[in-house]
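Okay, so here's the structure we're looking at.
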Amino acid sequence: MTGSRRFLNLTVEHFYMGVLITAVYVAITPWLLGQGYPSLAALLFVEILVLTPLVLIHLLVIARGQGKSASLADVISYREPIGRKSFLLWYVLGLVAIFATYIPLYPVGIFLRGELFAWLPDWYFNPSHGTTDLGMLAKLFLIGIIIDGLIAPTMEEIFFRGYLLPRMEFLGGWAPIINGAFFGLYHFWQPHNLIALVVVGIILSFVVWKTKNVYLGIALHCSINILGALAGYFAVVNGIDIAR
């Protein structure tokens with residue numbers, strides 16, 4: 001297979017899940033809103049019932065293509081062990097880099113939401129849209145610690161950094177940049193936040209590419225998502241507006 005054909009195939013693999021996830025999200029959210037649930041419920045729905053099975057099915061199909069005895073572990077690379085001190089050092093560096101870039105870029109997302117994506121419905125951006133029941137919303141954020149904080153980021157990391165990134169080694173030093181950028185852009189259901197997500201994706205990809213350890217990506221990704229879910233929970237229980 002030529003390099004261009006391989007790159008095209010990898011591009012499709014990076015984006016097709018984002019298309020399907022967004023399609024289901026757009027289709028299911030109005031119905032859930034009609035049932036009295038906030039849009040956050042729709043996001044958790046697609047993460048557990050669309051993203052998770054898609055990743056597992058995709059990797060199982062690839063594994064089966066390598067032979068009947070192949071397993072998921074055979075298609076998830078970058079699992080080289082590193083010492084605890086190195087793991088902790090890279091974890092801290094990665095976390096600092098993510099927050100140092102994401103926090104300044106967050107207002108950019110707010111600006112783009114108002115300037116470029118104001119035509120989208122409010123539920124596309126506001127996780128509380130559709131309910132005034134703060135108790136329900138708080139419970140959903142707690143559930144989000146499991147789904148959005150642990151399950152979804154683990155699935156994304158084993159797919160994007162454990163499966164796809166190693167297959168981009170033919171791109172040399174461009175591999176983590178392209179992989180991370182594609183990861184950010186695949187979040188079609190967060191169009192206003194794509195710039196920040198691209199930067200975070202590149203950081204995650206670089207850390208995993210440099211250490212050849214996908215567990216670092218999982219640890220970092222889960223950490224920032226859990227913090228986000230906890231921030232949402234405490235905001236709700238303290239009566240802080242989370243629409244922004």
Side-chain angles (χ1 to χ4, degrees), residues 1-28 42-82 87 146-190 197-198 200-202 204-222 225:
M1 183 183 298
T2 64
S4 58
R5 179 64 180 274
R6 192 189 316 176
F7 183 79
L8 177 60
N9 289 343
L10 286 167
T11 300
V12 172
E13 286 186 289
H14 275 84
F15 287 111
Y16 86 92
M17 286 191 190
V19 173
L20 294 176
I21 290 168
T22 304
V24 175
Y25 178 62
V26 170
I28 198 70
L43 176 63
L44 298 179
F45 177 94
V46 296
E47 287 182 333
I48 196 67
L49 293 177
V50 182
L51 169 64
T52 299
L54 278 178
V55 169
L56 295 176
I57 290 170
H58 187 110
L59 296 181
L60 283 171
V61 169
I62 297 298
R64 291 300 182 186
Q66 295 181 359
K68 292 183 179 180
S69 60
S71 65
L72 283 178
D74 295 318
V75 297
I76 301 172
S77 304
Y78 285 176
R79 292 183 291 118
E80 295 183 12
I82 60 176
F87 190 98
I146 304 298
I147 297 177
D148 186 60
L150 294 173
I151 297 174
T154 298
M155 291 295 106
E156 288 182 329
E157 288 305 308
I158 64 174
F159 185 72
F160 284 92
R161 252 70 67 174
Y163 166 68
L164 289 174
L165 182 56
R167 284 155 179 77
M168 302 176 74
E169 288 185 344
F170 69 97
L171 296 173
W174 284 100
I177 297 173
I178 295 174
N179 176 263
F182 281 5
F183 167 76
L185 294 172
Y186 119 101
H187 290 80
F188 300 120
W189 61 98
Q190 298 181 50
L197 290 170
V198 164
V200 170
I202 291 173
L204 289 170
S205 295
F206 178 80
V207 169
V208 174
W209 176 75
K210 196 70 175 177
T211 62
K212 301 296 185 287
N213 188 293
V214 71
Y215 302 114
L216 261 169
I218 293 173
L220 285 167
H221 200 158
C222 287
N225 280 29

- request: List for me each residue that meets side-chain contact (heavy atoms from CB on, under 4.5 Å) alongside A42, sequence neighbours excluded, and say none if there are none.
  value: Y25, I28, T29, L32

query: Can you name the side-chain hydrogen bond (donor to acceptor under 3.5 Å, both in side chains) partners of E80, sequence neighbours left out?
result: none

statement: To the nearest 0.5 Å, atom CG of N9 lies from atom OG of S4 at 9.5 Å

- prompt: Taking only residues two or more places apart in sequence or in another chain, which ones pass side-chain hydrogen bond (donor to acceptor under 3.5 Å, both in side chains) with H14?
  reply: N179

query: How many angstroms lie between atom CD1 of I48 and atom CE of M155, to the nearest 0.5 angstrom?
result: 8.5 Å

task: Using ring pair (Phe, Tyr, Trp, His ring centres under 6.0 Å) as the criterion, list what pairs up with F45, not counting sequence neighbours.
output: none

message: Among L59, L60, V55, V61, exactly one meets side chain to side chain contact (heavy atoms under 4.5 Å, CB included) together with I57. Which residue is that?
response: V61

- prompt: Listed by chain and number, what are the side-chain hydrogen bond (donor to acceptor under 3.5 Å, both in side chains) partners of Y163, not counting sequence neighbours?
  reply: E13

- prompt: Between H187 and W189, what is the ring plane arrangement, given parallel below 30°, perpendicular above 60°, and tilted in between?
  reply: tilted

- line: Sorted by chain and number, sequence neighbours left out, side-chain contact (heavy atoms from CB on, under 4.5 Å) with I177 holds for W174, I202

task: Please report the shortest heavy-atom distance between E47 and T52, naming the atom on each side.
output: O-OG1, 2.9 Å

field: Considering all heavy atoms, the nearest V207-T211 contact
entry: O-OG1, 2.8 Å

task: Could you tell me the separation between the CG atom of L8 and the CZ atom of R5, rounded to the nearest 0.5 Å?
output: 7.0 Å

Let me have the donor-acceptor pairs involving side chains of residues 215-222, under 3.5 Å, with sequence neighbours excluded, atom names and distances please.
{"unit_1": "H221", "atom_1": "ND1", "unit_2": "E157", "atom_2": "OE2", "d": "2.7"}
{"unit_1": "H221", "atom_1": "NE2", "unit_2": "E156", "atom_2": "OE1", "d": "3.4"}

- request: Just jot down the side-chain contact (heavy atoms from CB on, under 4.5 Å) partners of F188, sequence neighbours excluded, or say none.
  value: F15, V19, T22

- prompt: Ignoring hydrogens and geometry, is there a side-chain-to-backbone donor-acceptor pair from S205 to R161 under 3.5 Å?
  reply: no

- prompt: With under 30° as parallel and over 60° as perpendicular, where do the rings of F206 and W209 fit, or are they tilted in between?
  reply: tilted

- request: Measure the CD1-CG distance between I178 and L185 for me, rounded to the nearest 0.5 Å.
  value: 11.5 Å

field: S77 side chain near R167 side chain, heavy-atom distance below 4.5 Å
entry: yes

query: Residues in side-chain contact (heavy atoms from CB on, under 4.5 Å) with A73, at least two apart?
result: S71, R79

- request: Please round to the nearest 0.5 Å and tell me the distance separating atom CG of L171 and atom CG of L165.
  value: 9.5 Å

Shortest non-hydrogen contact from P176 toward G173: CD-O, 3.4 Å

message: Can you tell me how the ring of F7 sits relative to the ring of F182, calling it parallel under 30°, perpendicular over 60° and tilted otherwise?
response: tilted

- request: Find the distance between CG (L51) and CG (L44) and round it off to the nearest 0.5 Å.
  value: 12.0 Å

query: Are any of the side-chain heavy atoms of F159 and L164 separated by less than 4.5 Å?
result: yes

- request: For F87, check ring pair (Phe, Tyr, Trp, His ring centres under 6.0 Å) against everything at least two apart and list the hits.
  value: none

message: So I21 and Y186, do their side chains get closer than 4.5 Å, heavy atoms only?
response: yes

